[in-house]
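Note that these values count all heavy atoms, side chains included, but never hydrogens, waters or copies made by symmetry. Every chain is numbered from 1, with letters handed out A, B, ... down the list of sequences.
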Number of protein chains: 2
Amino acid sequence: MRILVVEDEPTLQAQLVEALAAAGYVADRAENGIDAHFLGDGETYDAVLLDLGLPRMDGITVLKKWRAAGRTMPVLILTARDSWHEKVAGIDAGADDYLAKPFHMAELLARLRALIRRAGGHASAEIACGPLVLDTRIGRVLADGQTLALTGHEFRVLAYLMHHQGEVISRSDLVEHIYAQDFDRDSNTVEVFIARLRKKLPAGMIETVRGLGYRLAAPGGPT
Amino acid sequence: MRILVVEDEPTLQAQLVEALAAAGYVADRAENGIDAHFLGDGETYDAVLLDLGLPRMDGITVLKKWRAAGRTMPVLILTARDSWHEKVAGIDAGADDYLAKPFHMAELLARLRALIRRAGGHASAEIACGPLVLDTRIGRVLADGQTLALTGHEFRVLAYLMHHQGEVISRSDLVEHIYAQDFDRDSNTVEVFIARLRKKLPAGMIETVRGLGYRLAAPGGPT
DNA sequence: CGGATGATGACGCCACGATGACAGCCGACG
DNA sequence: CGTCGGCTGTCATCGTGGCGTCATCATCCG
């Protein structure tokens with residue numbers, strides 16, 4: 001999962017990015033409204049953390065522009081305590097959730113998980129697929145009750161597939177959701193990670209759809 | 001564990017810091033409300049001892065400001081005997097416990113242990129993790145019933161890990177909770193102490209999570 | 001049968017972490 | 001007041017895991 005963090009205060013930004021990394025996400029950063037708008041418009045994110053008080057372009061404006069351009073990724077707004085009018089404005093502008101500063105990192109992560117989960121149409125914090133269970137709260141995948149020992153990128157690939165199980169996911173989709181901003185797309189890294197995952201997973205879970213991409217499904221399960 | 005001591009009377013402050021050091025804690029000091037507020041807001045403490053009668057800013061005010069800013073560390077208020085109204089005000093302001101002067105150092109330490117324990121969600125004064133048992137009352141760690149001969153810093157590292165067993169603890173977390181205020185963070189001391197601890201502990205208890213930190217867990221324990 | 005697409009084993013780089021050695025500091029003790 | 005020994009922080013070195021690349025092999029389809 002790839003997150004855009006829009007926050008002009010460097011300390012908080014660093015804390016956010018670190019916490020996201022610890023939770024298994026990849027994060028891009030923006031320090032001002034212009035950059036934020038550009039990234040959110042051009043790149044692909046699974047969610048956005050958006051501070052409202054930004055240099056160069058206000059957060060609300062950025063959000064409105066994204067929505068007007070048809071961008072639908074979940075947006076979680078961060079702002080100062082007690083500014084309920086900002087909350088109203090944010091929700092009017094198309095925010096999906098709202099968190100007042102100061103907040104606990106754990107709460108932010110919980111809300112973020114909920115947003116991403118809902119965007120994928122999942123109700124529970126645990127996403128299952130055949131023998132696999134992804135526990136989004138602790139960032140682990142269990143296969144038949146056993147924790148899988150996955151590296152960071154392996155986990156991200158698998159988590160993305162599990163969030164979109166049954167769908168065919170193209171290589172470029174995976175690259176966009178797994179790597180931060182600047183990454184050389186001309187390589188076969190995705191194939192390599194799929195291969196590494198297959199070795200660690202029960203056989204037959206990752207299906208190849210020739211010419212299109214991959215699909216995760218329980219063997220013998222829903223097509 | 002790192003404690004903030006807010007006390008303007010020099011003799012008592014020195015006694016407190018000394019007693020804390022003997023119990024295995026590291027302490028920062030503040031002599032007035034302004035400094036206290038600044039430290040408690042910017043640094044990371046596992047608990048605060050807060051005298052109420054302070055120069056420059058009243059203790060209650062300091063506490064209220066911390067709470068309003070989202071700081072949740074346990075605070076133990078110290079004040080003169082029989083001023084029950086201060087006790088009420090302190091608890092309203094978000095204090096976790098209250099101790100009237102004069103007090104016995106042993107009682108203060110006991111209450112402090114209880115606060116820190118509860119903040120970590122532990123019920124008992126003894127915290128176990130596999131073959132290890134941390135007795136917070138006497139500041140010792142037993143491995144299979146044998147007392148481990150640990151130096152001050154080794155003990156602090158291990159105690160912090162035991163209080164947060166199962167969680168991944170980053171290097172910066174450890175530094176913040178083990179060293180007093182001013183410490184050069186650009187060094188590999190943490191790695192060194194982890195290595196020294198590993199030599200004294202049963203094998204496999206401290207797990208390295210690459211890029212994130214360390215995790216303490218009983219081998220073969222909770223997945 | 002041949003071309004294209006994907007799979008996979010092997011390799012090597014790089015950064016992070018582990019660890020042994022050492023030297024400064026400080027307190028204990030004579 | 002001097003010496004000794006135990007803690008600690010620093011450094012240099014070594015080991016290793018993660019990851020991207022490549023070459024080769026398998027497979028599918030026209």
Below the 4.0 Å mark, does [N] have OP1 or OP2 next to a side-chain nitrogen or oxygen of [X]?
| X | N | value |
| --- | --- | --- |
| R198(B) | dA18(C) | yes |
| T189(B) | dT8(D) | no |
| Y214(B) | dA18(C) | yes |
| R171(B) | dG17(C) | yes |
| T208(A) | dA7(C) | yes |
| S187(B) | dT10(D) | yes |
| T151(A) | dG17(D) | no |

Is N188(A) side chain donor-acceptor paired with the dT5(C) base, going by distance under 3.5 Å alone? no

Test for a donor-acceptor pair under 3.5 Å between the base of dG9(D) and the side chain of R196(B), counting only N and O atoms. yes

Return whichever of K199(A) or L212(A) has its heavy-atom-nearest nucleotide of DNA chain C closer to the 5' end.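 With K199(A) and L212(A) compared, the 5'-side residue is L212(A).
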
Assuming nearest nucleotide by heavy-atom distance, tell me which of R156(A) and V192(B) is located more 5' along DNA chain D. V192(B)

Could you verify whether a donor N or O on one side chain and an acceptor N or O on the other, from Q13(A) and E31(A), lie under 3.5 Å apart?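 Note: Q13(A) and E31(A) side chains meet the donor-acceptor criterion.
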
